Novice: 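The following block contains the structure, expressed as structure tokens.
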Amino acid sequence: MHVVSIRDFSKKDIERILNVAEKMLPIARGEKTSDLLKNRIMATLFFEPSTRTRLSFESAMLRLGGRALGFADPGGTSAKKGETLADTIRMAAAYSDVIVLRHPQEGAAKLAARFSDKPIINAGDGAGQHPTQTLLDLFTIRKETGKLNKRNVALVGDLKYGRTVHSLAYALAMFDAKLTFIAPPTLQMPEEMIATVKKMGAKPELANRVEDVIGTADVIYITRIQKERFPDPSEYKKVAEIYKITTDLLEDAKKGMKIMHPLPRVKEITQEVDSTKYAAYFKQAFYGVPTRMALLKLVTEGGN
Ligand code: NCD
């Protein structure tokens, strides 16, 4: 199976992956060894920068006894000579058992899936989707707040260009979340996404201040303003530092509230917040390993 969008999963699929991820925790921490994916090869093709996504996929594969190859910078590949994505994918499929792809073009993973007889995992396609991030986000919500259903979640920041929140909003609607979308009007959630989650039964509220939800949210999921996606740099400057989570703001937080962020953060969470009980973002990044282990197991076994 390919993993192109979070829509490729049913609620049951997601729950199953999260349950497998839970069992993977000791292996992810290096407390237990495994050869579950021995002799399997994962190719990571990263046409855009990445720290967590690529390294956690590689860590997941290596800790399960498999191997990884690939590139983190397309500058050293034949893409530079004008090779099409389709041809690059055909080659990676010939050299590996599963392909993890990040690409600046929305729809790239969908296209890749057409040319690959090996599973394609979308690790971010432009401003499109980031389904594996969503799986680890859901895992984090379940583990750090105690449950996944009916959570009050505020998505904050760049909801227009942020692919993590496009995938996450959809998944949270599946789990009956109360959603608030907090963004400046120019960076609000795309209309099509709002209509989709409404069709699923969610009643998202739109707001533009974090103060409005600080006392009620179970999770505040803040995102980086996606500088690289702005056609006009002066537009970026206008919104660059619009949201900031500070320890002062947290004085009014609901008990047990967690701050999440897909990372990298720029200035939207001050460093003082890191040592508070609200900060969940570094744990969240670690949870990328067990979650991606579960996913690699699922797709390389060729079924659920
Ligand atoms: C995100 C991405 O690449 O979409 N990072 C990640 O995968 N954890 C978020 C971002 O770049 O802001």
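Both counts, for ligands and for their atoms, begin at 1 and track the order of listing. One is the number of the first residue; the rest follow in order along the sequence. From a predicted model like this one, the values you see are computed outputs, not experimental measurements.
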Novice: How about NZ on K147, more than 12 heavy atoms from neighbouring residues, nucleotides or ligands closer than 6.0 Å, or not?
Specialist: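 Check passes, neighbour count above 12.
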Novice: Around atom 8 (N) of ligand 1, find the nearest protein heavy atom and jot down its residue, atom name and distance.
Specialist: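 Checked against all protein heavy atoms, atom 8 (N) of ligand 1 sits closest to P262 O, 2.9 Å.
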Novice: Rounded at 0.5 Å granularity, tell me how far CZ in R29 sits from CZ in F286.
Specialist: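 Between R29 CZ and F286 CZ, I get 5.5 Å after rounding to 0.5 Å.
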Novice: Closest non-hydrogen protein atom to atom 11 (O) of ligand 1, residue and atom name please, with distance?
Specialist: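 The answer is R224 NH2, 2.9 Å.
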Novice: Show the atoms of ligand 1 that are less than 4.0 angstrom away from any heavy atom in T53.
Specialist: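 Counting from 1, the qualifying ligand atoms are 6 (C), 7 (O).
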Novice: Within the 3.5 Å criterion, strictly below it, is a donor on S10 or D13 matched to an acceptor on the partner's side chain?
Specialist: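 Distance-only check passes for S10 and D13.
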Novice: In this structure, are over 12 heavy atoms from other groups packed under 6.0 Å from K237 atom NZ?
Specialist: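 12 or below, so no.
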Novice: Determine whether a donor-acceptor pair (N or O, by modelled atom type, separation under 3.5 Å) exists between the side chain of D125 and the backbone of G107.
Specialist: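 Such a contact is found between D125 side chain and G107 backbone.
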Novice: Among all the protein's non-hydrogen atoms, which is closest to atom 6 (C) of ligand 1, and how far away is it?
Specialist: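 The answer is L263 O, 3.5 Å.
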Novice: Which residue owns the protein heavy atom closest to atom 3 (O) of ligand 1, what's the atom, and how far is it?
Specialist: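 Sorting protein heavy atoms by distance from atom 3 (O) of ligand 1 puts R163 NH2, 2.9 Å first.
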Novice: Would you say that more than 12 heavy atoms from the other residues, nucleotides or ligands in this model lie under 6.0 Å from the CD of E31, or not?
Specialist: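 It does: E31 CD has more than 12 such atoms within range.
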Novice: Which atoms of ligand 1 sit under 4.0 Å from any heavy atom of H130?
Specialist: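 That gives atoms 2 (C), 4 (O), 6 (C), 7 (O) of ligand 1.
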Novice: Answer side chain, backbone, both or neither: which part of T164 comes under 4.0 Å from ligand 1, heavy atoms only.
Specialist: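 For T164, the contact with ligand 1 is made by the side chain alone.
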Novice: Is Q226 touching ligand 1 with its side chain, its backbone, both, or neither, if touching means heavy atoms under 4.0 Å apart?
Specialist: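 Side chain only; the backbone of Q226 stays clear of ligand 1.
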